[in-house]
Student: 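Just passing along the structure, written as structure tokens.
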Amino acid sequence: MSNFKSNVIALALIGLTSTAMMASAQAAGPSGTAADYGTLAPANAAARTIVINGDTKWVNVENGETVQFSVGGQSFTWNFSTFPGTTSFDLSKISPAGVQFGNVRVYVASNPLYRG
């Protein structure tokens with residue numbers, strides 16, 4: 001078999017494998033865990049800090065944003081990466097054990113990089 005044919009077959013197999021992997025990754029849906037909303041991040045990655053107090057009922061963030069939340073001397077930093085269509089959830093879903101924020105709702109705006 002010529003090198004050209006071997007290369008074409010190899011590229012076709014790589015393409016099919018990549019397509020199958022992407023399709024399976026996209027098929028995975030929400031898991032019901034904090035991972036559905038993003039990941040913990042180091043404090044120095046935060047673009048801003050949101051201080052939660054007794055009057056706080058909601059906070060606004062953008063998908064893709066990294067925010068540090070602070071309340072009563074406790075804090076954690078979160079990088080938001082939500083599934084399409086997820087526009088709000090309770091802050092308690094992502095706060096680490098022992099960090100109490102009360103009933104605070106997180107409203108997630110779409111990532112400005114992907115807005116039309």
Student: Show which residues join F83 in its hydrophobic cluster (side-chain heavy-atom contacts under 4.5 Å, direct or indirect), or state none.
Tutor: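 Hydrophobic cluster check, F83: no partners found.
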Student: To the nearest 0.5 angstrom, please state how far the CD1 atom of I52 sits from the CD atom of Q100.
Tutor: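 That separation rounds to 13.0 Å.
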Student: I'd like to know if the side chain of Q74 and the backbone of G98 have a donor-acceptor N/O pair within less than 3.5 Å.
Tutor: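 Yes; at least one donor-acceptor contact below 3.5 Å.
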Student: With a 4.5 Å limit on heavy-atom distance, are the side chains of F69 and V71 in contact?
Tutor: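 No, their side chains stay 4.5 Å or more apart.
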Student: Return the CG to OG1 distance between N79 and T66, rounded to the nearest 0.5 Å.
Tutor: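 N79 atom CG to T66 atom OG1 measures 3.5 Å (nearest 0.5 Å).
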Student: Less than 6.0 Å separating the ring centroids of Y37 and F80?
Tutor: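 That pair fails the under 6.0 Å test.
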Student: How close do S88 and Y107 get, heavy atom to heavy atom, and via which atoms?
Tutor: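 Here S88 and Y107 meet closest at CB-CD2, 3.6 Å.
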Student: Calculate, to the nearest 0.5 Å, the distance between atoms CG and CD1 belonging to L40 and I94 respectively.
Tutor: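 With rounding to 0.5 Å, CG (L40) is 8.0 Å from CD1 (I94).
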Student: Where do T49 and V67 land on the side chain to side chain contact (heavy atoms under 4.5 Å, CB included) test, with the steps shown first?
Tutor: CA-CA 6 Å; T49 299; V67 176; over 6 Å; no
Student: What's the shortest heavy-atom distance between K93 and A34, and which atoms?
Tutor: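 Result for this residue pair: O-CB, 3.4 Å.
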Student: Is there a donor in the side chain of D36 and an acceptor in the side chain of S31, or the other way round, less than 3.5 Å apart?
Tutor: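 Side-chain D/A pair, D36 to S31: present.
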Student: Any chance you could measure T56, atom OG1, to N103, atom CG, to the nearest 0.5 Å?
Tutor: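 With rounding to 0.5 Å, OG1 (T56) is 12.0 Å from CG (N103).
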Student: Can you give me the closest heavy-atom contact between T77 and A46, atom names plus distance?
Tutor: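 The answer is CG2-CB, 3.9 Å.
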Student: Tell me who clusters with V51, hydrophobic residues only, linked when side chains sit under 4.5 Å apart either directly or through other members.
Tutor: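 Noted: V51 shares its cluster with no other residue.
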Student: To the closest 0.5 Å, what do you measure between CG (N63) and OG1 (T87)?
Tutor: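 Reported value, rounded in 0.5 Å steps: 11.0 Å.
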Student: Counting distance only, does the side-chain N/O of D90 pair as donor-acceptor with the main-chain N or O of S92 below 3.5 Å?
Tutor: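 Checking the backbone N and O of S92 against the side chain of D90, no donor-acceptor pair under 3.5 Å is found.
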Student: Output the distance between atom CD1 (I50) and atom OG (S75), rounded to the nearest 0.5 Å.
Tutor: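 It is 12.5 Å, given to the nearest 0.5 Å.
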